[in-house]
Each structure stands twice: as structure tokens, then as C-alpha cells.
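Sharing a structure, written as C-alpha cells. Questions coming.
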Amino acid sequence: MKVIIDQDKCVASGQCVVAAADVFDQRDEDGIAVLLNSDPPAEQAADVRHAAAVCPALAIHLEE
Amino acid sequence: MTSTLNPAGEHPAGIPDYPMARAAGCPFDPPPALRAKQEEGPLTKVRLWDGSTPWLVTRYAEQRALLADPRVSADVTRPGYPSPAPVNGSSKISFILMDDPEHARLRRMVTAPFTIKRVESLRPAVQKIVDELIDDMLAGPKPVDLVEAFALPMPSLVICELLGVPYADHDFFQENSKTIIKRDATPEQRSAALGQLAGYLDNLLGEKLTNPGDDMLSRLTERIKIGELSRQEAAQMGVLLLIAGHETTANMIALGTLALLEHPGQLALLRDTDDEKLVTSAVEELLRYLHITHNGRRRAALEDIEIAGQLIRAGDGLIMANDIGNRDPEAFPDPDRLDIQRDARHHVAFGFGVHQCLGQPLARLELQIVYSTLYRRLPTLRLATDLEQIPFKHDGSVYGVYELPVTW
Ligand code: SF4
């Protein structure tokens, strides 16, 4: 799985961090999402899919 | 404006009034007429207080699609925008009623304190506030009104602390904020209340410009100094955060407690657990089930949009009825059952799209702490009156109870 974040779209809701804290983090200065791991292992795939589904800005794209 | 709550609600043209009335004796469920509309299809027309007939979007999938669509506008001044009440120019409360790029520019200035990490770091402080309020309740007389003794002061103390607003002034801004969210306030009353709050925040910003502290308003003054933000914009943001910070959470605490008292099995599960995951899922489920912002998310179409076989025209108003969206059986099986063990995390109680609630991490933290502390410390908590006696906020833009007399 490959994860891509569109930081221009991100509205810093932090939903991705709640869903998959090993894969997503937020910048301290403005809360914009950053990737900790763009190629997460299979056991995190469900959490990452959930993160993409709840992201209100549709800023997370997955290539499976 | 009694017509907005007219249970019959059908005009000769067959377009029902919105908002619709809830069923008597059924305080947690959305109006039956709204359920009927959802069963008819995802989009339907409704009639508002001003005679306009925007689209009502009743299903979860279409609500999310439209709220995330850049062709819809949240700007209250757009033609076709379905306003919940009369507005005038000064009713524009900061960035929630603006579109990008203005919205993004302003929103990004206040996102830093709401990152998951920063909010988590507040956990001990919020826990302390909760514990102290419960100590006071236990030391005082009973029965007690849970709204006044606990549900309202708790989030007010937290947001005051965060913003750097003296809590001593809380009577003043609670009064004004009540007026702003009251459905039947006149435009004059609403803009007077907004003006009061804006003036108060402007004063406070003035003090912090010369004498900054470690709080959000002080950080906004740094942006004012470098010309990134006008003092008026900063004051508007302060008003928004102050109102949003205490009305919503307060209603979730009181109404959530009432819902749990009416579902003793669910309450027992929550009271007797030390599993943080169950507390977290209970918060999400109560947010979904209660959906206290029951007036829908309002938008105007900027272009023609085709969705679910329907053509929405540029200039049409849209109301995403998220309360019934959270009860859409396609998204949540057996939606009218309160089940704190279900996975409800994808609910739309905080909205969806770029305007999704900025304060949601803080709201979640507060509710998790309250729901994991209150019932454990007051295990015999019960209503001190009949359900029929409880006054519900049918008339406000945030649903809840005015009073919740409880004893233990
Ligand atoms: S969920 Fe989406 S909008 Fe929220 S922080 Fe993550 S990427 Fe940004």
C-alpha cells in the first residue's frame, strides 16, 4: 500500500492521526498532516483505509 | 415563527416545512417526517421560514459527497443560501461562513492548539476540572441541575483557559451566546449580542497586545502585529471559538447523560469499564445517536451539480440534514439503537468537508473524560424528575436540555 497526502487540501482535523498514529502525524505549527510511513505494513492497512475514509478534506489517497 | 414547528407541516404544494417537529415523548430521535423523507430518497425539497425551498439532503453518502464538493459554498451571503433565521451583514461569524481561500487562511491560524498531541497534553488539566466540579457537586445539596453545576461550567472553564478569557466573565458571554444560537432571536438581537461579544474580545486583544500571556488570543496578537490578521478578524475568531467551545460540549454532556440514564444497560457498560477503547467508542456513538447540531449544514450550489439522478442548479440552497444522515441504515445498521460498542467513528456529527469542526479533538477529549469519570464517581446517578418534565431545546440551533435535575 502506498499513501499520499495532499497537504494543500488538509484542514488539520487530526482524524488520520486518531485512526492510524503509526502512519500519520501533524505539524506542530499548524496541524497539517505529515506521513510517518508512506508504505505501511499490511497489519496497518485497515487503519489507514479508515483514516482515508474519515478524512473530511479527502486529502488522503491510497494506491493498493 | 411557530410554523417552523408545525407538526402537520405540509403546504398545499406538498413541500413540507423545515425544520420538522420531533415526536412527542421521543426526545432522542430525529423528527418522524425527516425519517419519512429519507425513505423517499436522498434529495427532496423543503420550505423554510422565509418561504424559500432549498434541497434537503437526507442520506449519509450524498451528504458527505456534497459537503466535500468545492462547487458548494458555505458563504451565508450567497444567493440561495438557506439561512436558518433572518440575517444581516454583521451576522457573519468568522471563517465558518466563508469559502476558501479566505476560509483556509483564517482557519490555519488557529489549528495549532487543536492538534491531537496538543489536545492530549491537556488531559490532566481537563481531568482536574472535571474532578473538582464533581467534588463540589458531592459536597453540595441535592438534587442539582446537572447543566448548571457541571455540563456548562466544565467546557467553559476549558475554553476560557485555552483562549485566555477570564472565567469570571462567563455570565456575560453565556448570555450573549445563548441569544446568538436561539432560533427565534431577531436579527437585531443576534447582531447586538455578536457586537457585545466582539467588543469584549477586542478589548481583551488590546490588553494582550501590550501584555501577552500563554494563550490562544495572545498568539493571535502576534499575527496582528505582523499584519497577517486584522484585529477585527481576530476578535471574530475569538467569538466563534468562545461560543463553539461551550455550547456544544455542554449539550453533549447533559443530553448524553440523559440518553444513558434512559438506556441503563448501556450506562452500566460504560460505568463498569476500564477499557479506554470502549469509552472512546461510546463517545462516538453518542455523537452519532444524538447529533445535537440538528438544523443541518447549510450551503449554496455555485454550479450545476448532478447527484443521485437529480440536477441541483447553481444558486440552489442545500441543507445537509446530518442528524438523519447519522441514522441512515445504509451507513449504520439498526441506526435507531444506541449501542456504545458499535463502530460509529465515521459519523457526521462534526460535519464533513473543509468546514468540519475545528475543535473536535478537544470535544472528544472532554467527553471521554466526562463519560469515564462522572458515572463512576456518581454510580447511583438518576433523574430527580420525570422525563416529561425536562425542557428540551427545540428552539435552538444546538439541541439539548435547558435543565437536567439529577440526584444520586
Ligand atoms: S484527516 Fe485529513 S484533514 Fe484531517 S489532518 Fe488528516 S489529512 Fe488533514
Side-chain angles (χ1 to χ4, degrees), chain A, chain B residues 60-61 63-70 74 95-96 100-101 103-121 219 222-223 228 277 280-281 283-284 297 322 331 343-365 368:
Chain A
M1 172 186 274
K2 191 169 168 2
V3 187
I4 301 156
I5 299 179
D6 184 342
Q7 291 186 322
D8 289 338
K9 279 190 172 175
C10 171
V11 293
S13 71
Q15 298 263 71
C16 52
V17 183
V18 176
D22 291 329
V23 178
F24 303 97
D25 198 1
Q26 286 171 286
R27 291 200 300 233
D28 284 339
E29 61 274 27
D30 56 9
I32 298 303
V34 288
L35 274 175
L36 297 175
N37 185 355
S38 62
D39 184 17
E43 63 269 22
Q44 290 170 5
D47 289 344
V48 173
R49 268 184 226 118
H50 185 76
V54 293
C55 172
L58 306 180
I60 300 170
H61 300 284
L62 306 178
E63 285 169 14
E64 308 227 22
Chain B
Y60 177 85
Q63 289 176 358
R64 288 205 354 160
L66 286 165
L67 285 171
D69 194 319
F95 53 83
I96 53 168
D100 286 343
H103 158 262
R105 178 181 78 85
L106 293 168
R107 178 173 168 130
R108 282 194 181 199
M109 289 183 192
V110 283
T111 44
F114 296 105
T115 64
I116 300 299
K117 262 189 259 161
R118 288 279 286 280
V119 167
E120 264 309 313
S121 74
R219 277 188 291 277
E222 289 161 22
R223 308 230 182 209
E228 253 183 31
K277 283 214 179 93
T280 307
S281 84
V283 168
E284 300 311 315
R297 299 304 203 278
N322 289 158
D343 182 2
R345 286 177 298 172
H346 53 298
H347 65 72
V348 281
F350 290 115
F352 197 69
V354 297
H355 288 277
Q356 194 185 52
C357 175
L358 169 74
Q360 57 180 308
L362 180 62
R364 288 193 160 101
L365 179 92
Q368 287 163 9

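Numbered from 1 within each chain, the chains take letters A, B, ... in sequence-line order.
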Item to check | Spatial distance of atom CG (Leu106(B)) from atom OG1 (Thr111(B)) [nearest 0.5 Å] | outcome: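 Nearest 0.5 Å value for the CG-OG1 distance: 11.5 Å.
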Checklist entry - Where the side chain of Arg297(B) meets the backbone of His355(B), is there a donor-acceptor pair that is under 3.5 Å apart? => result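 Pair absent, no side-chain N/O of Arg297(B) close to backbone of His355(B).
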Checklist entry - Can you tell me how far the CZ atom of Arg64(B) sits from the CG atom of Asp69(B), to the nearest 0.5 Å? => result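 So the CZ of Arg64(B) and the CG of Asp69(B) are separated by 13.5 Å.
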Item to check | chain A contact via Ile116(B) - side chain, backbone, both or neither, heavy atoms under 4.5 Å | outcome: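 For Ile116(B), backbone and side chain are both near chain A.
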Item to check | Side chain, backbone, both or neither of Arg107(B) within contact of chain A (heavy atoms, under 4.5 Å) | outcome: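 Only the side chain of Arg107(B) comes within 4.5 Å of chain A.
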Checklist entry - Looking at Ala21(A), Ser13(A), Ala12(A), which has the largest count of heavy-atom pairs under 4.5 Å with chain B? => result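 Of the candidates given, the most pairs with chain B belong to Ser13(A).
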Next on the checklist: Could you measure the distance from the NE2 atom of His103(B) to the CD1 atom of Ile96(B)? Nearest 0.5 Å is fine.
Outcome noted: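 Rounded to the nearest 0.5 Å, the NE2-CD1 separation comes to 9.0 Å.
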Checklist entry - How would you list, in number order, the residues of residues 2-11 of chain A that have a heavy atom less than 4.5 Å from chain B? => result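 When heavy atoms of chain B are the reference, residues 2-11 of chain A contributes Gln7(A), Asp8(A), Cys10(A), Val11(A) within the under-4.5 Å range.
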Checklist entry - Can you check whether Val110(B)'s main-chain N or O pairs, donor with acceptor, with Arg219(B)'s side chain at less than 3.5 Å? => result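 Judged by distance alone, no pair lies under 3.5 Å.
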Next on the checklist: For residues 52-59 of chain A, give me every residue with a non-hydrogen atom less than 4.5 Å from any non-hydrogen atom of chain B.
Outcome noted: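 If one takes a 4.5 Å heavy-atom cut-off, the residues of residues 52-59 of chain A near chain B are Ala53(A), Val54(A), Cys55(A), Pro56(A), Leu58(A).
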Item to check | From Phe352(B) atom CZ to Gln15(A) atom CD, the distance as rounded to the nearest 0.5 Å | outcome: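 Reported value, rounded in 0.5 Å steps: 8.5 Å.
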Next on the checklist: Can you list everything that forms a side-chain contact (heavy atoms from CB on, under 4.5 Å) with Glu64(A)? Sequence neighbours excluded, please.
Outcome noted: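 So Glu64(A) forms a side-chain contact (heavy atoms from CB on, under 4.5 Å) with Met1(A), Arg49(A), Leu62(A).
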Next on the checklist: Only heavy atoms, only distances under 4.5 angstrom. Which residues in residues 31-46 of chain A are near chain B?
Outcome noted: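 If one takes a 4.5 Å heavy-atom cut-off, the residues of residues 31-46 of chain A near chain B are Gly31(A), Ile32(A).
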Checklist entry - Are the charged groups of Glu284(B) and Arg364(B) less than 4.0 angstrom apart, N to O? => result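 Yes, charged N to carboxylate O under 4.0 Å.
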Item to check | His50(A) side chain to Asp47(A) side chain, donor-acceptor N/O pair below 3.5 angstrom | outcome: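 Not at all, the side chains of His50(A) and Asp47(A) share no donor-acceptor pair under 3.5 Å.
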Checklist entry - Can you name the nearest heavy-atom pair linking Asn322(B) to Val348(B), along with the distance? => result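 Taking Asn322(B) first and Val348(B) second, the nearest heavy atoms are OD1-O, 3.6 Å.
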Checklist entry - Do Lys117(B) and Asp28(A) have side-chain heavy atoms sitting under 4.5 Å apart? => result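 Counting from C-beta outward, Lys117(B) and Asp28(A) do come under 4.5 Å.
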Item to check | Partner chain A: residue of Gly359(B), Pro113(B), Ala112(B) with the largest heavy-atom pair count (under 4.5 Å) | outcome: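 Max contact count across the listed options: Ala112(B).
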Checklist entry - Can you tell which of His347(B), Gln360(B), Arg118(B), His346(B) has the highest number of heavy-atom pairs within less than 4.5 Å of chain A? => result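 Heavy-atom pairs under 4.5 Å are most numerous for Gln360(B).
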